[in-house]
**Q** 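So that we are looking at the same thing, I have put the structure below in structure tokens.
Note that these values count all heavy atoms, side chains included, but never hydrogens, waters or copies made by symmetry. Residue numbering restarts at 1 for every chain, and letters A, B, ... go by the order of the sequence lines.
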Amino acid sequence: MSPLEVRGLRKRYGELEVVCGVDLEIAAGECFGLLGPNGAGKTTTLKLCLGLIDPDAGEIRLLGNEVPARARQARARVGVVPQFDSLDPDFSVAENLVVYGRYFGLKDREIEPRIPLLLAFAGLAGRAGAKIQTLSGGMKRRLTLARALVNDPQLLFMDEPTTGLDPQARHLIWERLRQLTLEGRTLLLTTHFMEEAERLCARVAIMDHGRIIVQGSPRELIARHIESQVVEVHGPGIEAWSARAASLALRTERAGETIFCYASDVEPVLATLRGQAELVYLHRPANLEDVFLKLTGRDLRD
Amino acid sequence: MSERIYALPELSLRSLAVWRRHFLVWRKLAVPSILGNLADPLIMLFGLGYGLGAVLGNLGGTSYFAFLAAGFLGSSTMYAASFEALFSAFSRMHVQKTWEAIVNAPMTLDDVLAGEWLWAASKALAAGLCMLAVVAVVGYAAWPHALAAIPVLALVGLAFGALGLAVNALATGYDFFSYYMTLLLTPMMLLSGVFFPVEHLPALVRAIAQALPLYHGVELVRPLLGGGWPAGALLHLAVLAAYAAGAFYLATVLTRRRLLR
């Protein structure tokens, strides 16, 4: 059975429809990424799936429960890492876990033996008594992850789990999320870091303007939607060069002063660049970010 | 959608987990919290009670200090409930995102609100009890009648806790609460027989006073402290209970409108 099935989900705020007919089906044990620019409707979709807000239309089944009607029962087996820090600043690390466990109806004596395990998992062993204010951003994020595991959930919702973290902290979170999928838990995360999605997610859905534009494994999406190689070029003389490039690459895109050339064979493009010392270029394989930008455009969203 | 917004609050024992969270925070700061809640009404009571009391002499057969003590017992309970349901609840709802964290667990917004409500009333009751203890020590609480004031204080706490939560649901920031405090609570304190008897006020003003919850709290507490039973107690209790239940329903609807959409 799919841990989360969504059909025809819609949500409107005044004139603006922020979720316009979303269908999702997540497989048990997979890590699924919901990608999209700011304002695409990712967070609203998560909140609808958790039964925190009411949809205007559509069906949601979360761990076999109709949502929102049986959202409380469904959430008993779900863990949530919200986008913004909501740890209790008045409590120590351990108290945060105990108090959160009580919201699941757990007894203190059921939670307390789990605390050392949760803290070890979060890389916070020995910090049980620490005050929240003394933790770094990465530690708070890990504690939020530990808090989401207090009820031993089957399914985890994570809204931008690594936003604002430094690379070390981000890699540690990634490693832990992999461990959670190895334990057989299902993960649903939103992110706008394509690198994160590519590394972690078995499948992703790219969402924009409230709709899911494409779904599939990162590799599939790259193969299906974009040429395999990219050359990024910028520098003085780009204008003159760009006219020539257009005929060499399958497709070119311009973003400000940088030209992106996409092709399965970029050798002809590279050949013209070797003679031009003033042009700076980078040749790399296409990635999910290229797909994302191709499908959602390069315009700023804020 | 709209049925869910206007449905009656669904009360569950889960809300006790919210109450326990607040209690755990409070336990860490209990002493300064109690002193802070008590200092202001006590300074006013002793200052005005003895100062004005010396000028005014007796008021309807009791000393002015005794009169004021009963009034302040009601008003300090009102303020304690209001502060908790306004400023503290707002920081948990809006600033610290505590409510958001709680509803991600198998808790509903109704659970959170009920927990906040009970907590505001509990804190108000604690403030009222401390005040009652001081008043008893200086000899202005007649036993055992004064014990009957305790459930009245709890009811005052529930009424103002619920009113505060309704205002909280509309708040845009902490400044919003100063309108409620200055334009509603302060006039209510003046009209409800805390400082002076309401009988001397013009009929219209008296009618307004009688429509306000604090008036009924004071009307109940004052005779109890003096060792008698209040006249029309059932009506006073009914008004307080109606305010508590009505305002909590209003708070539930307004909070759902704010957060469930």
**Q** Is B:S91 close to chain A through its backbone or its side chain, or both, or neither, when contacts mean heavy atoms under 4.5 Å?
**A**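 Neither part, no heavy atoms under 4.5 Å.
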**Q** Is any NZ, NE, NH1 or NH2 atom of the basic residue among A:R72 and B:D111 found under 4.0 Å from an Asp or Glu carboxylate oxygen of the other?
**A**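 Yes, charged N to carboxylate O under 4.0 Å.
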**Q** Only pairs of heavy atoms separated by less than 4.5 Å count here; which of B:V103, B:I102, B:L16, B:L29 has the most with chain A?
**A**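 Between B:V103, B:I102, B:L16, B:L29, the count favours B:I102.
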**Q** At their closest point, which heavy atom of B:P106 faces which heavy atom of A:A76, and how far apart are they?
**A**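 That closest heavy-atom pairing would be CG-CA, 3.7 Å.
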**Q** Would you name the heavy atoms of A:L52 and B:N104 that are closest together and state the gap between them?
**A**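 Smallest heavy-atom distance, with atoms named: CD1-OD1, 3.2 Å.
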**Q** Flag yes if more than 12 heavy atoms outside A:R127 fall under 6.0 Å of its CZ atom; otherwise flag no.
**A**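 Incorrect, the count does not exceed 12.
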**Q** Against chain B, label A:R147 side chain, backbone, both or neither, depending on which of its atoms sit under 4.5 Å from a heavy atom there.
**A**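 For A:R147, the contact with chain B is made by the side chain alone.
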**Q** When you look at CD of A:E66, are more than 12 heavy atoms from neighbouring residues, nucleotides or ligands closer to it than 6.0 Å?
**A**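 Enclosed: over 12 neighbouring heavy atoms sit under 6.0 Å from CD of A:E66.
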**Q** Between chain A and each of B:L24, B:V18, B:L13, B:T98, count heavy-atom pairs under 4.5 Å; write down the option with the most.
**A**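 Going by pairs under 4.5 Å, I would pick B:L24.
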**Q** Where on B:R14 is there a heavy atom nearer than 4.5 Å to chain A: the side chain, the backbone, both, or neither?
**A**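 Only the side chain of B:R14 comes within 4.5 Å of chain A.
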**Q** Mark yes when over 12 heavy atoms from residues, nucleotides or ligands other than A:R178 sit less than 6.0 Å from its CZ; otherwise mark no.
**A**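 Atom CZ in A:R178 is packed in, count exceeds 12.
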**Q** For chain B, find its close neighbours in residues 88-113 of chain A: heavy-atom separation under 4.5 Å, sorted by number, or none.
**A**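 Answer by number: A:D88, A:P89, A:D90, A:F91, A:E95, A:V99, A:Y100, A:R102, A:Y103, A:F104, A:G105, A:D108.
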**Q** Can you tell which of B:M107, B:R256, B:K97 has the highest number of heavy-atom pairs within less than 4.5 Å of chain A?
**A**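 Between B:M107, B:R256, B:K97, the count favours B:M107.
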**Q** Taking atom CZ of A:R211 as the centre, does the number of heavy atoms from other residues, nucleotides or ligands within less than 6.0 Å exceed 12?
**A**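 Not buried by this count: 12 neighbours or fewer within 6.0 Å.
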**Q** Nearest 0.5 Å, please: how far is CD in B:E100 from NZ in A:K47?
**A**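 Reported value, rounded in 0.5 Å steps: 5.0 Å.
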**Q** Can you tell which part of A:D85 gets under 4.5 Å to a heavy atom of chain B, answering side chain, backbone, both or neither?
**A**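 Only the backbone of A:D85 comes within 4.5 Å of chain B.
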**Q** Around atom NZ of A:K131, are there more than 12 heavy atoms of other residues, nucleotides or ligands at under 6.0 Å?
**A**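 Check fails, neighbour count at 12 or below.
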**Q** Tell me, side chain or backbone of B:L259 under 4.5 Å from chain A's heavy atoms, or both, or neither?
**A**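 Only the backbone of B:L259 comes within 4.5 Å of chain A.
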**Q** Among A:F157, A:Y13, A:F84, which residue forms the greatest number of heavy-atom pairs with chain B at distances under 4.5 Å?
**A**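 The candidate making the most pairs under 4.5 Å is A:Y13.
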